[in-house]
There are 2 protein chains.
Amino acid sequence: MPKPATARGEATLRRLLDAAEAEFGERGFHAASVSSITARAKVSQGTFYLYFPSKEAIFGAVVRAIGHALRKHMALAVAQRSDRMQAQRAGIEAFLDFVQRHPGLYRIVQEAQFVDEVAFREYYERLAAGYARSLARDAAAGALAPGDAEVRAWAIMGLGHFLGLRYCLWRQRLPEPEVLDAAMAFIGHGIAPHESGPP
Amino acid sequence: MPKPATARGEATLRRLLDAAEAEFGERGFHAASVSSITARAKVSQGTFYLYFPSKEAIFGAVVRAIGHALRKHMALAVAQRSDRMQAQRAGIEAFLDFVQRHPGLYRIVQEAQFVDEVAFREYYERLAAGYARSLARDAAAGALAPGDAEVRAWAIMGLGHFLGLRYCLWRQRLPEPEVLDAAMAFIGHGIAPHESGPP
């Protein structure tokens, strides 16, 4: 994917990526076509091929663009909170909000494991790396209990993914605050009986 | 899928399902074919169509069979432990062990959301329902802290799924005990700083 040299080129690239996200999200990779993407984006097929050599290439670019936008959206939400458990909640809320505004997100990222596995792994590895860095920093500062930041990052990503599936995607709305409360109680304090205390 | 009336019919059905699991796991739904499945199972195509009307039909049956086998495998592991936090660990270990022995599991179940979404939702909803029942029972007995059993079930399923992806599937081996220790510390006690105590 070339870096467009002009603002106009940048806008065309953005239109193509948005159109491809809608097309792949609604129809899936196999049924999607370059001609539908260009029709949605209102650009010619000739223009499409200036930016991407193939349907596969724009699919990988969409996965990377979604990953980038999601990481930015979550990082912004998390950075605004000084209480680090509140920051965790803000990060999960930002993720679920992103899911609502990108209805094709799950379908596209999950389909990536069949279409472009490198883009799929990179999507999760970059998300996890940033998350683990932030968790490690907070634990080192005493704002979280000590613990393995990488395992925690993958655990919380999985938790967010499955809560998003169950409480957002399958119901097409945001979860009730009580669901978030219950998720945060789990992330904060776990499920061991209280008398056993921390390890 | 008809219930075979004879032991021989049962064995043929089992061979077809095992062959289809291998075929879908290795090649994916689109590239898989009924003729490859019957060749792997060493049955004729005529016999195949006595059991399943189509490739789609056996795909849904494979997803249901994997779900059934996984629930049974995990329930057995969990039931053997009297300490309920040890039972949680045994459940996750059983899941990861199952992933190792069914290398096509992730691919098949994740592809189901595009091929047979009913089977995909049913797979997770049945797993979650059994898990939530067990968590609710343990919390009511005081063996776990009180909390929303359904949110906990989906959270722990998500955690298991992502740890399985990161530490098993992408590395093709079981995680080190330290990874399980870290995951269990997270599930047991969460990440909130200790001085804040339980809510």
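First the proteins, then the strands, lettered A, B, ... as listed; each starts at 1. None of these values were measured; they are calculated from a predicted model.
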- Message: Rounded to the nearest 0.5 Å, what separates atom CD1 in B:I58 from atom CZ in B:F29?
- Response: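 The CZ atom of B:F29 is 11.0 Å from CD1 of B:I58, to the nearest 0.5 Å.
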
- Give the member of A:E178, A:R166, A:M85 that has the highest number of heavy-atom pairs under 4.5 Å with chain B.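 Option with the greatest count: A:R166.
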
- Option that, when pairs with chain B are counted at under 4.5 Å, heavy atom only, ranks first among A:L144, A:D148, A:I156: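 Among A:L144, A:D148, A:I156, the one with the most close pairs to chain B is A:L144.
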
When [options] are compared by non-hydrogen pairs under 4.5 Å with chain A, the top option:
options: B:M157, B:H30, B:R121, B:M184; result: B:R121
options: B:P146, B:A182, B:P175; result: B:A182
options: B:F114, B:Y124, B:F186, B:W170; result: B:W170

- Message: Is any side-chain heavy atom of A:D116 closer than 4.5 Å to one of A:R64?
- Response: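 Touching, per the 4.5 Å side-chain cut-off.
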
- Message: So for atom NE2, which belongs to B:H68, do other residues, nucleotides or ligands contribute more than 12 heavy atoms lying within a distance under 6.0 Å?
- Response: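 It does not: B:H68 NE2 has 12 such atoms or fewer within range.
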
- Task: Using a cut-off of 6.0 Å, state whether more than 12 heavy atoms not belonging to B:R101 lie near its atom CZ.
- Result: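 Buried by this count: over 12 neighbours within 6.0 Å.
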
- Donor on one side chain, acceptor on other, B:Y131 and B:Q88, under 3.5 Å: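 Yes, a side-chain donor-acceptor pair sits under 3.5 Å.
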
Measure [X] against the heavy atoms of chain B and call it side chain, backbone, both or neither at under 4.5 Å.
X: A:Q113; answer: side chain
X: A:E150; answer: both
X: A:A183; answer: both

- Query: Given that the side chain runs from C-beta out, which part of B:R107 has a heavy atom under 4.5 Å from chain A: side chain, backbone, both or neither?
  - Reply: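 Interface part for B:R107: both.
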
- Sidechain N-carboxylate O distance under 4.0 Å for A:D18, A:R14: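 Looking at A:R14 together with A:D18, the answer is yes, because their closest N to O distance falls below 4.0 Å.
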
- Item | Pair B:R171 + B:E176: basic N to acidic O under 4.0 Å |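 A salt bridge is present here (some side-chain N lies under 4.0 Å from a carboxylate O).
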
